[in-house]
Amino acid sequence: MSSPDLCPQEQVLKHPSVGGLLAYNRWNSRMERITSGVPMLCLPFFSDQLTNCRYACTEWGIGMKIHRDVKREEVEKLVRELMEGKKGKWMKNKTMEWKEKSREATKPGGLGNW
């Protein structure tokens, strides 16, 4: 049972009003977003976050990178693109593909289906 002061992240991510998420790109958090079908804006700082961001943005097409020296206007532009733009819609489709792949991989006998 979770602590009452913690946000139920899985429930939040699966809520239909969530169109995207700003993330540092830690491994477990990223996996939660993939299995929930939520595209991301990636703001990596160190360690595995940099590699995870690269995969999310370049290899899998489910994220957009925010550079560390980003300005407010750039964040607004990226959020609008994620929520309303052509690239954001494309990313949502890619994220839904990865969500389905994760569902297939985690069912009994699923890894052989990739």
Side-chain angles (χ1 to χ4, degrees):
M1 184 166 172
S2 65
S3 173
D5 60 338
L6 295 178
C7 176
Q9 184 168 325
E10 186 176 350
Q11 289 177 328
V12 171
L13 289 171
K14 290 182 178 180
H15 195 277
S17 67
V18 175
L21 189 69
L22 174 63
Y24 295 120
N25 269 74
R26 295 303 309 228
W27 181 260
N28 289 340
S29 297
R30 183 183 57 173
M31 299 316 297
E32 289 174 345
R33 283 183 292 285
I34 289 172
T35 60
S36 298
V38 178
M40 57 193 99
L41 297 176
C42 305
L43 182 60
F45 282 98
F46 63 93
S47 186
D48 68 330
Q49 297 171 3
L50 301 168
T51 303
N52 294 338
C53 175
R54 180 184 177 282
Y55 274 94
C57 298
T58 306
E59 301 296 324
W60 300 336
I62 60 174
M64 288 189 283
K65 185 176 182 181
I66 298 177
H67 298 281
R68 290 181 76 174
D69 61 344
V70 69
K71 305 294 184 230
R72 178 184 318 189
E73 297 79 21
E74 294 171 74
V75 173
E76 178 184 358
K77 181 181 173 184
L78 288 170
V79 168
R80 288 189 186 279
E81 180 61 33
L82 177 67
M83 300 300 293
E84 304 166 352
K86 184 177 179 181
K87 184 173 182 178
K89 289 175 182 157
W90 181 82
M91 284 174 38
K92 179 64 177 178
N93 289 334
K94 293 297 286 183
T95 306
M96 295 308 287
E97 288 176 22
W98 280 101
K99 177 181 177 180
E100 184 57 33
K101 287 179 182 182
S102 70
R103 185 183 340 254
E104 289 293 318
T106 56
K107 69 181 186 182
L111 289 177
N113 296 331
W114 283 59

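All values below come from the heavy atoms of this structure, side chains included, with hydrogens, waters and symmetry mates left out.
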Considering residues at least two apart in sequence or located in another chain, which fulfil the side-chain contact (heavy atoms from CB on, under 4.5 Å) criterion with Glu76? Arg80

By the rule that ILVMFWY residues connect when side-chain heavy atoms come within less than 4.5 angstrom, directly or transitively, which residues belong alongside Leu50? none

Atom NZ in Lys87, atom CE in Met64: separation rounded to 0.5 Å? 6.0 Å

With sequence neighbours left out, what residues match Glu74 under side-chain contact (heavy atoms from CB on, under 4.5 Å)? Val70, Lys71

Within the 4.5 Å heavy-atom criterion, are Lys65 and Pro44 side-chain neighbours or not? yes

Mind checking what makes side-chain hydrogen bond (donor to acceptor under 3.5 Å, both in side chains) contact with Glu84, not counting sequence neighbours? none

Kindly write out the residues that satisfy salt bridge (Lys or Arg N to Asp or Glu O under 4.0 Å) with Lys14, not counting sequence neighbours, or none if the list is empty. Glu10

Check whether Leu22 and Met40 end up in the same hydrophobic cluster, where Ile, Leu, Val, Met, Phe, Trp and Tyr are linked by side-chain heavy atoms less than 4.5 Å apart. no

Interatomic spacing from OG1 in Thr95 to CZ in Arg33 - rounded to 0.5 Å: 10.5 Å

Are any of the side-chain heavy atoms of Asn52 and Arg26 separated by less than 4.5 Å? no

Any chance CD of Glu59 has more than 12 other-residue heavy atoms, nucleotides or ligands included, within less than 6.0 Å? yes

From Cys42 SG over to His67 NE2, what is the distance, rounded to the nearest 0.5 angstrom? 11.0 Å

Heavy atoms of Lys92 and Pro39 approach each other most closely as CD-CD, 4.0 Å

What residues form a side-chain contact (heavy atoms from CB on, under 4.5 Å) with Lys99, not counting sequence neighbours? Met96, Arg103

Taking side-chain hydrogen bond (donor to acceptor under 3.5 Å, both in side chains) as the test, write out the residues that go with Glu81, two or more places apart. none

Residues at least two apart in sequence or cross-chain that pass side-chain hydrogen bond (donor to acceptor under 3.5 Å, both in side chains) with Ser17, listed by chain then number, are His15

Rounded to the nearest 0.5 Å, how far does SG of Cys53 lie from CG of Leu41? 10.0 Å

Specify the closest pair of heavy atoms between Leu13 and Ser36, including all atoms of both residues, with the distance to one decimal. CB-OG, 3.6 Å

With the 4.5 Å side-chain cut-off for hydrophobic clustering, are Leu82 and Val18 part of the same group? no

Got a sec, which residues hit ring-ring contact (aromatic ring centres under 6.0 Å, His included) with Phe45, two or more places apart in sequence or on another chain? Tyr24

With sequence neighbours left out, the residues meeting side-chain contact (heavy atoms from CB on, under 4.5 Å) with Ile34 are Arg30, Met31, Trp60, Ile62, Trp98

Tell me, do Trp90 and Lys94 make a side-chain contact under 4.5 Å, heavy atoms counted? yes

Can you name the side-chain hydrogen bond (donor to acceptor under 3.5 Å, both in side chains) partners of Asn93, sequence neighbours left out? none

Indicate if Ile66 and Met91 have the same hydrophobic cluster label, given that clusters are the connected sets of ILVMFWY residues with side-chain heavy-atom separations under 4.5 angstrom. yes

Those residues that, when tested against Lys89, pass salt bridge (Lys or Arg N to Asp or Glu O under 4.0 Å) (two or more places apart): none

Mark yes or no for whether Thr58, through its side chain, and Tyr55, through its backbone, hold a donor-acceptor pair below 3.5 Å. no

